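All values derive from a computational prediction rather than experimental measurement.
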Amino acid sequence: VLINKLSEKRTSDIPKPLATEIETYYKQNPEYFSKKERAQVSHVLISTENSLTDEQRAQKRAEAEVARRRLLASPDAFAEIAQEISNCPSRAQGGDLGVIERGQMIASFDEAAFSQGIGAIGKVIRTPKGFHVIKVTERIPAKQVTLAEATPDIEALLLFNERNQAMEGYLGTLRLSAKVVMPKPEK
């Protein structure tokens, strides 16, 4: 708390960044303001992490195929079926993984999530975790964040950086003026 109060006192006179500084940062860092394609994804995982033999993995794949057939027969019961049979912690949310970004997941999962139709129950895919059956409920196209949308975040970042530099300068001055005295060892 004391450090925060000191920081506020030492940096309170630093002005907010100018609109031109914000615009310059935006133009110089376009990669930060590009959102990749995203998808809302749910899945059922039949884990193969403890399956050591080819026969055990084949059995797990068969379980995943049975799960897929159940899901195809009752696509509206995806969450209930995922809660019942999935080996992923997401089972507590009905298999819902939330929104994922293209390139975020392992290649086979990513390819399935961004190639299958919305609402469709995908084919069984394999990853190092096991066999997955995926359902995509929404796809959000890639987009470039506008300067207006990015302005509050850029302003906060630039102000934070200015305040950090001011505090580093202040601490550097304190270090230079400090006198460190080492106690003499007792005899």
**Q** Distance check, rounded to the nearest 0.5 Å: K123 atom NZ versus E65 atom CD?
**A**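 Spacing of NZ (K123) from CD (E65) equals 10.0 Å.
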**Q** Between R102, E37, R38, which is the residue that forms a side-chain contact (heavy atoms from CB on, under 4.5 Å) with R139?
**A**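 Single pass found, and it is E37.
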**Q** Decide side-chain contact (heavy atoms from CB on, under 4.5 Å) for F109 and L97; before the verdict, give the C-alpha distance in whole Å, the side-chain angles of both, and the deciding distance to 0.1 Å.
**A** CA-CA 12 Å; F109 193 100; L97 294 174; 3.6 Å; yes
**Q** Check this for me: does any side-chain nitrogen of one of K143 and E149 sit under 4.0 Å from a carboxylate oxygen of the other?
**A**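 Result for this pair is yes, salt bridge flagged.
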**Q** For E186, does the CD atom sit with more than 12 other heavy atoms under 6.0 Å from it, leaving out its own atoms?
**A**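 No - once you tally the heavy atoms of other residues, nucleotides and ligands closer than 6.0 Å, there are 12 at most.
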**Q** Nearest 0.5 angstrom please: F160 CZ to I14 CD1, how far?
**A**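 Answer rounded to 0.5 Å: 11.5 Å.
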**Q** Looking only at side-chain N and O atoms, does D96 offer a donor or acceptor that is under 3.5 Å from a partner on Q40?
**A**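 Yes, D96 and Q40 have a side-chain donor paired with an acceptor closer than 3.5 Å.
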**Q** Are any of the side-chain nitrogens in E84 or R70 under 4.0 Å away from the carboxylate oxygens of its partner?
**A**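 Yes.
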**Q** Evaluate the ring planes of Y32 and Y25, with Trp represented by its six-membered ring, and classify them as parallel (under 30°), tilted (30 to 60°) or perpendicular (over 60°).
**A**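 Correct class here is parallel.
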**Q** Rounded to the nearest 0.5 Å, what's the gap from CZ on R163 to OG on S12? Could you check?
**A**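 Going from CZ on R163 over to OG on S12, the span is 8.0 Å.
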**Q** Using 0.5 Å steps for rounding, measure from the OG1 atom of T48 to the CD atom of E63.
**A**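 Result: 11.0 Å between the selected atoms.
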**Q** Between L18 and E21, does a side-chain contact (heavy atoms from CB on, under 4.5 Å) hold up when you go through it step by step?
**A** CA-CA 5 Å; L18 301 172; E21 294 172 311; 3.6 Å; yes
**Q** Taking all non-hydrogen atoms of both residues into account, name the closest pair between F78 and G94 and its distance.
**A**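 Looking at all heavy atoms of both residues, the shortest contact is CD2-O, 3.9 Å.
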**Q** Please confirm whether the backbone N or O of D76 pairs with a side-chain atom of S74, one donor and one acceptor, at under 3.5 Å?
**A**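 It does not hold such a pair.
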**Q** Is there a chain of hydrophobic side chains (I, L, V, M, F, W, Y, each step under 4.5 Å between heavy atoms) that links V44 to L72?
**A**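 Yes, V44 and L72 fall within the same hydrophobic cluster.
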**Q** Taking all non-hydrogen atoms of both residues, which atom of Q104 and which atom of D110 are closest, and how far apart?
**A**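 Reported closest heavy-atom pair: N-OD1, 4.0 Å.
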**Q** Going through the checks in order, is the side-chain contact (heavy atoms from CB on, under 4.5 Å) test met by V41 and K135?
**A** CA-CA 6 Å; V41 178; K135 180 179 180 180; over 6 Å; no
**Q** Return yes if a side-chain donor-acceptor contact under 3.5 Å exists between H43 and S86, otherwise no.
**A**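 There is no such pair between these side chains.
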**Q** At their closest point, which heavy atom of N87 faces which heavy atom of I46, and how far apart are they?
**A**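 Looking at all heavy atoms of both residues, the shortest contact is OD1-CA, 3.3 Å.
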**Q** Following the transitive rule for hydrophobic clusters with a side-chain heavy-atom cut-off under 4.5 Å over Ile, Leu, Val, Met, Phe, Trp and Tyr, establish whether I100 and I140 coincide in one cluster.
**A**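 No: no chain of side-chain contacts under 4.5 Å links I100 to I140.
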**Q** Taking T53's backbone N and O only, do any of them form a donor-acceptor pair with Q56's side chain (distance below 3.5 Å, no angle check)?
**A**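 At least one qualifying donor-acceptor pair exists.
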**Q** Answer whether the closest heavy-atom distance between the side chains of L147 and E23 falls below 4.5 Å.
**A**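 The answer is yes; the side chains approach within 4.5 Å.
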**Q** With distance as the sole test, does T173 use its side chain to make a donor-acceptor pair with the main-chain N or O of G169 at under 3.5 Å?
**A**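 Checked: pair present.
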**Q** Does I134 share a hydrophobic cluster with I106, counting links as ILVMFWY side-chain heavy atoms below 4.5 Å and allowing steps through other members?
**A**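 Looking at the clustering, I106 is in the same group as I134.
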**Q** So, for K16 and L159, which heavy atoms are closest and what is the spacing to 0.1 Å?
**A**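 Looking at all heavy atoms of both residues, the shortest contact is CA-CD1, 4.3 Å.
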**Q** Please give me the minimum heavy-atom distance between I121 and R68, naming the atom from each residue.
**A**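 Looking at all heavy atoms of both residues, the shortest contact is O-NH2, 3.7 Å.
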**Q** Is it the case that the side chain of Q144 and the backbone of F33 share a donor-acceptor pair, with hydrogens and angles ignored and the cut-off at 3.5 Å?
**A**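 Flag set: sc Q144 to bb F33 pair under 3.5 Å.
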**Q** Same hydrophobic cluster for V136 and L71, using side-chain heavy-atom links shorter than 4.5 Å among ILVMFWY?
**A**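 Not linked; separate clusters.
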**Q** With clusters built from Ile, Leu, Val, Met, Phe, Trp and Tyr whose side-chain heavy atoms come within less than 4.5 Å, directly or transitively, what are the remaining members of the cluster of L6, listed by chain and number?
**A**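 Cluster partners of L6: M167, Y170, L171, L174.
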**Q** At what distance, to the nearest 0.5 angstrom, does CG of L45 lie from NE2 of H132?
**A**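 One finds 5.0 Å between CG of L45 and NE2 of H132.
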**Q** Can you name the nearest heavy-atom pair linking K60 to F131, along with the distance?
**A**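 Distance-wise, the nearest heavy atoms are C-CD1, 3.9 Å.
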**Q** Do S115 side-chain atoms and E111 backbone N/O form a donor-acceptor pair below 3.5 Å?
**A**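 Yes: the side chain of S115 pairs with the backbone of E111.
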